[in-house]
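Only a predicted model underlies this, so the values are computations on that prediction, with no experimental measurement involved.
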Amino acid sequence: MNAISLPAAPTLQLRASGLLLAMAIALAAWWLGHQLPLIGGPVFGIVIGIAVRNLLSPGERFNPGIQFASKQILQWSIIALGFGLSLTQVAKTGLESLSVTVVTMSVAFASAWLLGRVLKVHDKLKILIGVGTAICGGSAIAAVTPIIKPDDHDTAFAISTIFLFNIVAVLLFPLLGHALHLSDLGFGLWAGTAINDTSSVVAAGYSYSTAAGDYATIVKLTRATLIIPICLILAIVVAMREKRAAKHAGVVSDFKLSRIFPWFILWFLVASAVRTAGFVPGDVQPAIHLAAEFMIIVALTAIGLSADLRKMASTGVRPILLGLGVWAAVSVSSLLVQLVIGQL
């Protein structure tokens, strides 16, 4: 009997074209970012990536490398940032931001439910947009998809809507932050609690300042860990509904905590522990931070290269209005909570 051959994982050779394209654009974006620091390399990376994707339409052979850069290299960049941050700083920031994070998450879910009813958006799409806005964008949507099992069309709607406001946030937040005269920590807390996706938080934070970027990254990673209890709650609710609907004792679930756990956060903490223990020489830290900065730009460029504006335009008006309303509610609530507790 012949052995069954399994498809091989993408090799470096298959990823080379996409990686080289993302890195070439990232180099240009990195240079432009140093010329115009108010905009920053990450923003240039996203914008140029979107322009190349929609004007030049790179072929399918670029996709494996682009996907690798947008996911894996982004995670590596976050881990690399950990080598420049002590565990004391990480713990302090996480605790400082927790109250704002809890409020903004509550606002996100409440506004998604209320606006969804007004706009007549069905439950699964409301959950996807609410979770994506409340926690960590496309990663959160991907995490809850195997639990609530929406149609592919709904998932595409939600991801496109969230991605649209990620781009808007990267371009708009730094400008609003300067207009409102936010401190580095105030802007970092705002970006970390009000922008959806990790990549967009990082881009907006470091476009504002290095201190804001460091703070926003830790706040966002603290917020991202909350996907675990959210997924557990959703899994229990769905299992109970399926049990009632099927009228039998139990259901077989493919939900696994290991599949949705953001492991790169654990490695970020390991890197921070290495830094705290004094194993990273002071003269090496600038080089590590520079490498992390460039990897962030590469990842953001790849995300831009993945953005199909035609698909985003075809998602319809109601999900976009829902995403806009939830995003605006979260953004305003984050600033209001900071104003009340005096952290702006």
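Between Leu119 atom CG and Leu321 atom CG the span is 6.0 Å, to the nearest 0.5 Å. Distance check: Thr101 OG1 to Ile135 CD1 gives 10.5 Å after rounding to the nearest 0.5 Å. Residue Phe268 holds its CZ atom at 13.5 Å from CD of Gln75, rounded to the nearest 0.5 Å. Between Ile129 atom CD1 and Leu322 atom CG the span is 4.0 Å, to the nearest 0.5 Å.
Shown here are the side chain to side chain contact (heavy atoms under 4.5 Å, CB included) partners of Val168, two or more places apart in sequence or in another chain: Leu172, Trp327. Every side chain to side chain contact (heavy atoms under 4.5 Å, CB included) that Trp113 has, sequence neighbours left out, goes to Arg117, Lys126. For the side chain to side chain contact (heavy atoms under 4.5 Å, CB included) test, residues two or more places apart in sequence or in another chain that qualify with Ser106 are Val102. For Ala194, the side chain to side chain contact (heavy atoms under 4.5 Å, CB included) partners are Phe173, Trp190, Val330, Ser331, Ser334, not counting sequence neighbours. Residues meeting the side chain to side chain donor-acceptor pair (under 3.5 Å) test with Lys220, sequence neighbours left out: none.
Residues Leu20 and Leu56 are members of separate hydrophobic clusters, defined by side-chain heavy-atom contacts under 4.5 angstrom among Ile, Leu, Val, Met, Phe, Trp and Tyr. One hydrophobic cluster, built from ILVMFWY side chains closer than 4.5 Å, holds both Val107 and Ile341.
Other members of the hydrophobic cluster containing Val332, listed by chain and number, are Leu336; membership follows side-chain contacts under 4.5 Å among ILVMFWY residues, whether direct or relayed.
Listed by first and then second residue, the ring-ring contact (aromatic ring centres under 6.0 Å, His included) pairs involving residues 56-84 are Phe68-Trp76 (not counting sequence neighbours). Residue pairs satisfying the salt bridge (charged side-chain N to carboxylate O under 4.0 Å, His left out) criterion with at least one member in residues 55-82, sequence neighbours excluded, are absent. Contacts classified as salt bridge (charged side-chain N to carboxylate O under 4.0 Å, His left out) and involving residues 178-195 (residues at least two apart or in different chains) are not found. Under the salt bridge (charged side-chain N to carboxylate O under 4.0 Å, His left out) criterion, the residue pairs touching residues 44-56 are Arg53-Asp308, with sequence neighbours excluded.
Of the possible polar contacts, none joining the Arg318 side chain to the Val121 backbone as a donor-acceptor pair under 3.5 Å is found. Looking only at distances, no side-chain donor or acceptor of Ser272 sits under 3.5 Å from a matching main-chain atom of Leu269. Listed for the Arg15 side chain is no donor-acceptor partner under 3.5 Å among the backbone atoms of Pro64.
Among all heavy-atom pairs drawn from Thr104 and Ser333, the shortest one is CG2-OG, 3.6 Å. Residues Leu74 and Ser70 approach most closely at CB-O, 3.7 Å, considering heavy atoms. Between Ala204 and Ala169 the shortest heavy-atom distance is CB-O, 4.5 Å. Looking at every heavy atom in both residues, Leu19 comes nearest to Ala69 through CD2-CB, 4.0 Å. For the residue pair Leu128 and Ala158, the shortest heavy atom distance occurs at CB-CB, 3.7 Å. Of all non-hydrogen atoms in Phe187 and Ala212, the two that sit nearest each other are CD2-CB, 4.0 Å.
Side-chain atoms of Val100 and Val219, non-hydrogen and from C-beta on, never get closer than 4.5 Å to each other. Within the 4.5 Å cutoff, the side chain of Thr193 has no heavy atoms near those of the Val337 side chain. Inter-residue side-chain proximity for Asp214 and Tyr206 is flagged as met; some heavy-atom pair is nearer than 4.5 Å. Within the 4.5 Å cutoff, no side-chain heavy atoms of Leu171 are placed close to those of Ile46. Taking 4.5 Å as the limit, every side-chain heavy atom of Leu182 sits out of range of all side-chain heavy atoms of Gln338.
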Do any side-chain atoms of residues 280-303 form donor-acceptor pairs under 3.5 angstrom with protein atoms, and if so which ones, sequence neighbours left out?
unit_1 : atom_1 : unit_2 : atom_2 : d
Gln285 : NE2    : Val280 : O      : 3.4
Thr301 : OG1    : Ile297 : O      : 2.7

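Test Leu114, Asn196, Thr133 against Val326 for side chain to side chain contact (heavy atoms under 4.5 Å, CB included) and you get one pass: Thr133.
Enclosure of atom CE in Met23 is not indicated, since only 12 or fewer non-hydrogen atoms of other residues, nucleotides or ligands lie within 6.0 angstrom.
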